[in-house]
Amino acid sequence: MADMEREADTGKVVRQHAEMENFFSGGFAVKVPKGEPKTQSSTKGPASAETVKALEQIAEQTGQCRKCELGSLRTNAVPGEGSAGARIMFVGEGPGADEDAQGRPFVGRAGQLLDKIIAACGLKREDVWIGNILKCRPPGNRDPRPEEIISCLPYLQRQIELINPDVIVALGAHAAKTLLDTTKSIGQLRGIFHEYYAGIGHPPIKLMATYHPAYLLRSYSPDNRRRVWEDMKKVLSELGLAVP
Ligand code: URA
């Protein structure tokens, strides 16, 4: 290999390493030149009043829902939150103890990591939408049961239809397998765009699957962190947003 090529190659590896370390080192600060805004918008602009109202109605319905036994076990339903005009929807598995207590998605440890991932992308939490497959917490954070998913999924399907994002990011195996209706593993699904079908006559929505932040916290290896960052970079490129 010519010297110049080797230097360019080494430079690329060093840059990628620094980028990854910055992303997951806890600093998460997005370094941008002075004078430029630190964040970029990921909304399509304000949603219509009807859309906002319909989303509020879904939130109310989840609070009353007794379609499965989780309805009688919850402290609060966690319908999801964020911009009704979001271009990105993050979908996790189901609320944990912190989310059940607050009625808000991803507010515990996994949520703090998701916040860092969103910030590292140069995005604001309030510009995206964050929710789950299940709106109520499974006891002891056990896996969602098929009958619970079947009962709950229509809420999310309607939320997706209303928000109509450009990209859905499925966080973890449960979200990815449910939304894509597949038994493939998250390892097989992540890293490439899939298509989510929101209904007849509705153009398919791009879906990127990636590791769940809770999994990442448990298996905090450089390889897993790099994989999530690579997945998010693809999402930003797909949206035509800058990769910080
Ligand atoms: N894990 C999830 O899947 N969703 C949350 O809201 C919190 C943790």
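Just so you know, ligand 1 is whichever comes first in the structure, and atom 1 is the first atom listed for that ligand. Residue numbers start at 1 and run along the sequence shown. Quick caveat: nothing in here was measured; it's all calculated off a predicted structure.
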Anything under 3.5 Å between an N or O on ligand 1 and a protein N or O? List each pair with its distance, or write none.
| unit_1 | atom_1 | unit_2 | atom_2 | d |
| --- | --- | --- | --- | --- |
| ligand 1 | 1 (N) | H212 | NE2 | 3.3 |
| ligand 1 | 3 (O) | E93 | N | 2.8 |
| ligand 1 | 3 (O) | G94 | N | 3.3 |
| ligand 1 | 3 (O) | G94 | O | 3.4 |
| ligand 1 | 3 (O) | N132 | OD1 | 3.3 |
| ligand 1 | 3 (O) | H212 | NE2 | 2.8 |
| ligand 1 | 4 (N) | G94 | O | 3.0 |
| ligand 1 | 4 (N) | N132 | OD1 | 2.7 |
| ligand 1 | 4 (N) | N132 | ND2 | 3.4 |
| ligand 1 | 6 (O) | F106 | N | 2.9 |
| ligand 1 | 6 (O) | N132 | ND2 | 2.9 |

**OP:** Kindly state each residue pair satisfying salt bridge (charged side-chain N to carboxylate O under 4.0 Å, His left out) with at least one member in residues 173-190, sequence neighbours excluded.
**Re:**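 For residues 173-190, and leaving out neighbouring residues, the salt bridge (charged side-chain N to carboxylate O under 4.0 Å, His left out) pairs sorted by first residue read R190-D231.
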Show me the donor-acceptor pairs, under 3.5 Å and distance only, between side chains in residues 56-68 and residues at least two apart or in other chains.
| unit_1 | atom_1 | unit_2 | atom_2 | d |
| --- | --- | --- | --- | --- |
| T62 | OG1 | A59 | O | 2.7 |
| R66 | NH1 | G71 | O | 2.9 |
| K67 | NZ | S151 | O | 2.9 |

Original post:
Is it the case that more than 12 heavy atoms not belonging to K234 sit under 6.0 Å from its NZ atom?
Top reply: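 Atom NZ in K234 is packed in, count exceeds 12.
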**OP:** Go through K233 and E238 one step at a time and tell me if the salt bridge (Lys or Arg N to Asp or Glu O under 4.0 Å) criterion holds.
**Re:** CA-CA 9 Å; K233 285 200 291 188; E238 174 65 30; over 6 Å; no
Subject >> Test log, rule salt bridge (Lys or Arg N to Asp or Glu O under 4.0 Å), inputs E161 and R158 >> reply: CA-CA 5 Å; E161 218 180 308; R158 183 75 185 122; 3.5 Å; yes
**OP:** Output every pair passing side chain to side chain donor-acceptor pair (under 3.5 Å) with a member in residues 81-100, not counting sequence neighbours, ordered by first then second residue.
**Re:**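 Every pair satisfying side chain to side chain donor-acceptor pair (under 3.5 Å) with a residue in residues 81-100: T75-D100, E81-R104, E81-R125, R87-D166.
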